[in-house]
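In what follows, every chain begins at residue 1, and chains take the letters A, B, ... in the order their sequences are listed.
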Number of protein chains: 2
Amino acid sequence: MRLKDNKKKEAIFNAAIELTGELGLNKITMSAIAEKAQVASGTLYIYFNSKEQLFNELYKRLISEGTLAILPAVEHLPIKQQLSTIWSNVLEFRTSNAAEVAFMHEFRYSPLLDDDTKKIDSLFVDHIRRLLEAGREELIVKNLSDDILIPLMYGYVDNLARHLTHKGIKLTPEIVRQTFIICWDAIKA
Amino acid sequence: MRLKDNKKKEAIFNAAIELTGELGLNKITMSAIAEKAQVASGTLYIYFNSKEQLFNELYKRLISEGTLAILPAVEHLPIKQQLSTIWSNVLEFRTSNAAEVAFMHEFRYSPLLDDDTKKIDSLFVDHIRRLLEAGREELIVKNLSDDILIPLMYGYVDNLARHLTHKGIKLTPEIVRQTFIICWDAIKA
DNA sequence: CTTAAAACCGAATCTATATTCAGTTAATTC
DNA sequence: GAATTAACTGAATATAGATTCGGTTTTAAG
């Protein structure tokens with residue numbers, strides 16, 4: 001008997017990512033993915049039960065390999081430094097992996113996103129939440145609810161990265177520095 | 001001969017908005033819109049050429065009646081006051097018109113959005129751009145590019161409003177005040 | 001009151017794609 | 001190296017839903 005080929009699964013994922021970059025999530029068909037991955041359309045169903053499952057699995061992988069891997073092992077650093085490092089990493093990741101980020105962003109708001117996948121999303125936010133709490137205890141972060149502070153950071157980084165990518169502005173250390181200052185000015189006590 | 005019934009068009013728009021609130025943009029069918037608006041599906045095509053046109057027209061209307069109407073006639077006020085008033089209005093609008101905002105948000109990232117409609121979006125941003133420029137001249141706003149400042153304001157208000165709505169948190173004057181302070185701390189010189 | 005034209009209806013059509021499946025190929029095991 | 005079994009193929013199927021269209025109703029105009 002024959003075994004599944006892991007490289008084939010990679011090829012399928014890559015095809016999906018590339019096609020999102022080229023066409024946008026909603027114009028992608030299973031046939032197009034199959035063609036780009038150099039397999040027959042029926043083969044996709046050996047590796048995935050459905051289009052929905054394919055995308056959800058890809059999304060989860062990108063979140064864990066991309067976003068979560070961004071959280072550095074920097075627990076020994078002061079709060080502000082930790083936030084600064086994370087800020088820099090996230091911005092870097094988001095502006096240098098255009099196709100992946102496009103996929104993640106489009107999929108996040110698509111009807112295909114399933115309930116299970118939604119949970120993964122919160123891991124990253126939870127980490128930020130803990131940092132902010134620590135910052136409040138040290139009296140260096142404004143004593144305001146997470147509901148008010150987190151949308152600032154999350155909304156800014158998301159919008160900023162998309163804006164820069166969209167306008168073809170290359171991320172420079174100077175931009176990273178300036179934007180973090182803005183962000184910190186916003187939340188510092 | 002018979003004339004088009006303007007109330008019917010309203011009913012169609014309202015049906016589309018309500019259905020977005022109930023089901024999300026992507027689950028909406030022309031038949032469902034027709035049913036909720038109490039017309040036959042064929043009738044939709046008397047008023048609109050296609051589903052795409054229907055949604056684009058609705059989106060444009062919501063932008064101009066909603067978002068643009070938010071820009072108050074406050075040109076005589078100091079920059080900071082103007083920004084504060086706009087901030088308050090946008091937040092108020094975004095949290096108290098859940099179905100409309102859901103539609104606008106979902107449609108904004110949907111494949112149906114056409115090029116022409118995209119242009120309308122920028123009117124609001126242009127207004128903010130002019131305010132920031134004036135603020136920089138007065139040395140009260142950080143001397144940084146719009147590409148860096150605008151995503152902060154836009155990303156924050158967008159994310160914040162969605163977050164509050166999603167978590168069922170009612171917008172209070174205190175939240176408006178606190179969030180504007182955050183925003184202003186971020187951009188002030 | 002008549003007539004013409006356009007709104008209106010909703011069943012039938014058309015289309016795009018996700019998914020299936022019968023047949024074929026390749027790799028694993030003994 | 002034969003048998004077995006799962007991967008693999010891609011044409012055929014199934015289906016959802018946008019759009020069309022022939023027939024019907026309404027109303028403005030004369």
Side-chain angles (χ1 to χ4, degrees), chain A residues 1-59 103 106-107 109-114 116-117, chain B residues 1-59 103 106-107 109-114 116-117:
Chain A
M1 74 153 198
R2 207 166 161 185
L3 295 178
K4 282 181 191 168
D5 181 352
N6 239 325
K7 285 183 184 169
K8 210 154 276 179
K9 195 165 186 176
E10 290 312 305
I12 293 170
F13 278 151
N14 285 332
I17 292 171
E18 283 174 39
L19 283 170
T20 310
E22 291 166 20
L23 308 172
L25 186 62
N26 23 53
K27 293 207 179 122
I28 295 181
T29 64
M30 291 299 261
S31 310
I33 295 173
E35 191 177 359
K36 177 153 286 205
Q38 311 231 48
V39 298
S41 56
T43 303
L44 299 180
Y45 291 87
I46 305 281
Y47 292 88
F48 307 96
N49 297 327
S50 65
K51 188 184 189 182
E52 176 169 347
Q53 198 221 320
L54 189 164
F55 282 129
N56 275 280
E57 202 171 311
L58 173 55
Y59 182 77
F103 172 81
E106 290 197 45
F107 185 71
Y109 296 112
S110 92
L112 295 172
L113 186 77
D114 67 31
D116 187 54
T117 305
Chain B
M1 73 155 201
R2 206 167 162 184
L3 294 177
K4 283 182 192 166
D5 181 353
N6 240 323
K7 285 183 185 169
K8 208 154 276 179
K9 195 165 186 176
E10 290 312 304
I12 293 169
F13 278 151
N14 286 332
I17 292 171
E18 283 174 38
L19 284 169
T20 309
E22 291 167 20
L23 307 172
L25 186 61
N26 24 54
K27 292 205 180 125
I28 295 181
T29 65
M30 292 299 262
S31 311
I33 295 173
E35 191 178 359
K36 177 155 283 206
Q38 312 231 48
V39 299
S41 55
T43 302
L44 298 179
Y45 292 86
I46 305 282
Y47 292 87
F48 308 95
N49 297 327
S50 64
K51 187 184 189 183
E52 175 169 348
Q53 198 222 319
L54 189 163
F55 282 129
N56 275 281
E57 201 172 309
L58 173 54
Y59 182 77
F103 172 81
E106 291 196 44
F107 186 70
Y109 296 112
S110 93
L112 295 171
L113 186 77
D114 67 32
D116 187 52
T117 305

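For the pair A:Leu44 and A:Ile33, the minimum side-chain heavy-atom distance is below 4.5 Å.
Expressed to the nearest 0.5 Å, how far CD1 of A:Ile28 lies from CG of A:Leu19 amounts to 5.0 Å. Going from atom OG1 of A:Thr43 over to atom NZ of A:Lys9 covers 14.0 Å, rounded to the nearest 0.5 Å. With values rounded to the nearest 0.5 angstrom, B:Met30 atom CE is found 7.0 Å from B:Ser50 atom OG.
Annotation: ring pair (Phe, Tyr, Trp, His ring centres under 6.0 Å) contacts of B:Phe107 (sequence neighbours excluded): B:Tyr59, B:Phe103. Not counting sequence neighbours, the partners of A:Glu18 by the salt bridge (charged side-chain N to carboxylate O under 4.0 Å, His left out) test are A:Lys36.
A heavy atom lying under 4.0 Å from DNA chain C marks the following residues of residues 14-37 of chain A, by number: A:Ile28, A:Thr29, A:Met30. A heavy atom lying under 4.0 Å from DNA chain C marks the following residues of residues 40-54 of chain B, by number: B:Ala40, B:Ser41, B:Gly42, B:Thr43, B:Ile46, B:Tyr47.
Listed here is the closest heavy atom pair of B:Glu106 and B:Leu25: OE1-N, 2.9 Å. Summarising the geometry of A:Leu58 relative to A:Ala16, their closest heavy-atom pair is CD2-CB, 3.8 Å, with the distance given to 0.1 Å.
The nucleotide range of DNA chain C contacted by chain A, defined by atoms under 4.0 angstrom from heavy atoms of the protein and reported 5' to 3', is C:dT17 to C:dT28. Once you apply a 4.0 Å limit to the heavy atoms of chain B, the touched nucleotides of DNA chain D run 5' to 3' over D:dG17 to D:dA28.
Side chain of A:Asn56 to main chain of A:Leu112: a donor-acceptor pair is present (N/O by atom type, distance under 3.5 Å, no hydrogens or angles).
Under a cut-off of 6.0 angstrom, the local environment of CD in A:Glu35 is sparse, with at most 12 non-hydrogen atoms contributed by other residues, nucleotides or ligands. Counting non-hydrogen atoms of other residues, nucleotides and ligands closer than 6.0 Å to CD of B:Gln38 gives a total of 12 or fewer.
If you look at B:Tyr47 and B:Phe13, their ring centroids are not closer than 6.0 Å.
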